[in-house]
Amino acid sequence: MAFYRLLFSVAAVVSGVHALPVARNDEVQRLSSVGYGDMVFDLGGTPYLAVTTIPSAQTTGWTGSGHVPMAVIKTDSCSPTAEELTALVTQYLSSDDVLSESFLQAIYVATTCSSGATLESSAVSGLMSMGCSTILASPSFAASGAMSVEGLDQLEPGPYVASLTASGAGLSMVYRLYEDRYRTFIFGAYPSPNDESTYMPFPVNVAKYQDPLIPVPSKIYSWSDPRPFAGLRVSIKDLYDIKGLQSAGGSRAWASITPVANASAVAIQRIIDLGGHLVGKQKTAQFASGADPWDWYDVQYPFNPRGDEWLTCSASSSGGGCSIAAYDWLDHAIGSDTGSSGMISLQGVQPLGAAQDTAGVFARDPHAFAYFAKHWYTPSLHQDSSINGLEALNVPSESPLPRTLIYTPEYLPTRNPAADTLVQSFITNLTTLVGLTKQTVNLTATILDSDIQAVRNTSYRNNASSLLNQYTQWTEVGRPLVDFWAENYDGRFPPIDPARRPGWIARTQDNTTSEMYTQALAIKRSFSDSASPANTTTAEKCANSGLWLYDIGTGGLPSYREEDLIVGNLATGAATYLNYTPPYTITSGVNFCSFAGCADFTVPIGQVEYFSNVTQVMEMVPVTLSLVMRRGCDWSLFALIEALAEKGGLRAVKTGREAF
Ligand SMILES: *[C@@H]1O[C@H](CO)[C@@H](O)[C@H](O)[C@H]1NC(C)=O
Ligand SMILES: *[C@@H]1O[C@H](CO)[C@@H](O)[C@H](O)[C@H]1NC(C)=O
Ligand SMILES: *[C@@H]1O[C@H](CO)[C@@H](O)[C@H](O)[C@H]1NC(C)=O
Ligand SMILES: *[C@@H]1O[C@H](CO)[C@@H](O)[C@H](O)[C@H]1NC(C)=O
Ligand SMILES: *[C@@H]1O[C@H](CO)[C@@H](O)[C@H](O)[C@H]1NC(C)=O
Ligand SMILES: *[C@@H]1O[C@H](CO)[C@@H](O)[C@H](O)[C@H]1NC(C)=O
Ligand SMILES: *[C@@H]1O[C@H](CO)[C@@H](O)[C@H](O)[C@H]1NC(C)=O
Ligand SMILES: *[C@@H]1O[C@H](CO)[C@@H](O)[C@H](O)[C@H]1NC(C)=O
């Protein structure tokens, strides 16, 4: 089971009072080289990467030896004063987590002023008073009290490392290296300096914990980039191809028979085209199987920063989910789900069931989530009906809010009464803050009373669903892997996790025909159409669509990464398995949209206490709800999420032990 999860945060970085920053004279301590020759170094106790193989700019006007950390600043003033320049440096420092005082040892001053710019020596002295020993000026300054050098005006402002020789200097872009303490990544990555669409793996770990290091660029580099995702740091689930990087799908056996990707998945290329910056590939349950934490053998299950740090991160996109809960330096993580509305093509993505997969994004802030989703999902990339078997997706430009809240008590079990208090408060807020009318419906009875077989008969529907999932995966991944292994390793079966092993040993999908697949698609279509009047416009459908709520999460109980801690608490109801089907319901809520292609997004609504069997104290676990509307009504859900956020009915989450 995999799902979208919307985890928010406060990105408050602004502080009111700024003392004059002072350059720290830390030396560049070379730690190692990456395979391609780029330099990993320590500066004042923080690790960085400098792209020294291809400097971003060169100048002959500055000579010497060694590596000098420096900052490039750009003023709009034609005659900047000392106060203006030091205020600019202070602003850069407070808006970026890569630039630090240690980079202020040299400063290159550029200007946007088109003619007659001057850099007075008083301004230069002002910068020197911060402890900066070298001030360089752009040739745009007709007169200047600093050394004027050619060749650097093309640089974006931000931190650099200058490598000095007797014949000149090369200025290299700098990435800060963050430690992946929660082990959510497989490896970090950064773009080729020649081509922002090709990535290079960053294969360096922290020796102390063996955690991966993840390179992130200065935010300042992208300030002049007008594209909507400029400056956003995005991590990618390891089911998606990224040009230049190895895809593994959570399987070292699969990686060993799969070449490095020579193109990015179209959904990922779109993020790059919109200006987003990819920072690395993240852990996935093997072949997106959605295995429990204790059934991850090939790759270690990631850690969740919430509560006792021993909770599940949920299913196949757990690397992405936990990283957004853990790291302020990461803006978004891309996951995937079999909760498909087919909003974006999955070309270039390892399939679970091509007909039911979809891509989703994690965020900490409701507005940031809606912003990303609305720019990313675009009609030209809608998944084709031939793949998902559904009516063509027609997403209206209008985004009417739903009018009715469809409350199905049997799908909102109150396993922890404290969580139920939050659920009821959220429901009240939907009625008071955004004007929905609550209507209580017995969904179980509605389903059982249907005259459509695909709706009424759960085993009929489940049979079609599992056929759709297993057939594509077997054809495109399982059979090629199993056959390759047998041929190349004396008839052996590949070492894979138990989630897929029995089915692939039995080759249960070998006799599935494309006719059977087509039949299963028709069953899916029949179920999906039953939820949508066929001949209304999508805008009408969305205005008339109710909003349905269910709990994809844990009902306010801990779900540990260790199975014994769940089993030992089942009798008292103090812990839960993740995949929970409430009693008296026909199927768990998560199964609806993967089959019907409706829109399904998960939001955090609060947190409740639990006694941790790991830390032996009370800890907090987040409570979430999933919001569902008809197929094609994703924009209405984004509008609802934004409207709720504006009125205090949804809040950003923090990173770390507690979400709120
Ligand atoms: C990428 O590799 C695939 C399979 O190896 C090949 O068919 C395709 O032509 C390659 N594409 C490019 C752009 O090189
Ligand atoms: C409901 O809205 C109020 C603000 O009107 C807020 O204080 C409360 O936390 C909200 N409840 C939930 C569960 O979000
Ligand atoms: C909902 O409908 C089911 C099936 O008809 C029935 O068993 C159940 O008692 C109903 N629940 C309620 C709360 O009426
Ligand atoms: C429901 O579907 C299953 C599997 O296709 C079938 O065996 C069973 O007869 C169906 N039940 C009814 C009541 O139609
Ligand atoms: C597939 O069909 C063949 C031929 O009828 C049969 O021998 C084999 O057992 C079937 N495989 C499975 C997994 O059902
Ligand atoms: C499962 O679905 C396939 C394809 O629609 C069909 O051929 C098969 O009979 C179904 N099995 C059951 C038990 O319904
Ligand atoms: C919608 O479809 C139904 C059933 O096919 C038909 O009776 C009805 O006239 C259609 N309505 C419109 C507005 O086209
Ligand atoms: C968890 O802690 C509670 C309270 O000490 C205890 O009763 C329970 O047995 C523990 N559960 C497990 C699985 O250790």
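Atoms within each ligand, like the ligands themselves, are counted from 1 in listed order. Bear in mind the structure is a predicted one, so any value in this text is a computation, not a measurement. Values reported hereafter were calculated over all heavy atoms of this structure, with side chains retained and with hydrogens, waters and symmetry mates removed.
In terms of protein heavy-atom proximity, atom 9 (O) of ligand 1 is nearest to Asn262 ND2, 4.8 Å. Protein heavy atom in closest approach to atom 5 (O) of ligand 3: Ala445 CB, 3.8 Å. The single protein non-hydrogen atom nearest to atom 4 (C) of ligand 5 is Asn511 ND2, 4.6 Å, given as residue, atom name and distance.
Side-chain contact check for Asp38 and Tyr190: at least one donor-acceptor pair (N or O, by modelled atom type) lies under 3.5 Å. Side-chain contact, Ser264 with Asp241: no donor N or O sits under 3.5 Å from an acceptor N or O.
Ionic pairing of Asp420 and Arg415 is not present here: no N-O contact between side-chain nitrogen and carboxylate oxygen is shorter than 4.0 angstrom. A salt bridge is defined here as a Lys NZ or Arg NE, NH1 or NH2 lying under 4.0 Å from an Asp or Glu carboxylate O, and Asp497 with Arg501 fails to meet this definition. Under 4.0 Å is where a charged nitrogen must lie from a carboxylate oxygen, and between Arg233 and Asp331 no such pair does. The existence of a salt bridge linking Arg631 and Asp600 is excluded, since no basic side-chain nitrogen approaches an acidic carboxylate oxygen closer than 4.0 Å.
Closest to atom 14 (O) of ligand 3 by heavy atom, among Thr446, Asn442, Thr444, is Asn442.
For atom 2 (O) of ligand 5, the protein comes within 4.0 Å by at least one heavy atom. The protein reaches atom 11 (N) of ligand 1 closely, with a heavy atom under 4.0 angstrom from it. For atom 7 (O) of ligand 5, the protein comes within 4.0 Å by no heavy atom at all.
For ligand 5, the atoms lying closer than 4.0 Å to a non-hydrogen atom of Ala506 are 13 (C). Ligand-side atoms of ligand 5 in range of Arg507: 13 (C), range being under 4.0 angstrom from any heavy atom.
At most 12 non-hydrogen atoms from other residues, nucleotides or ligands lie less than 6.0 angstrom from OH of Tyr584.
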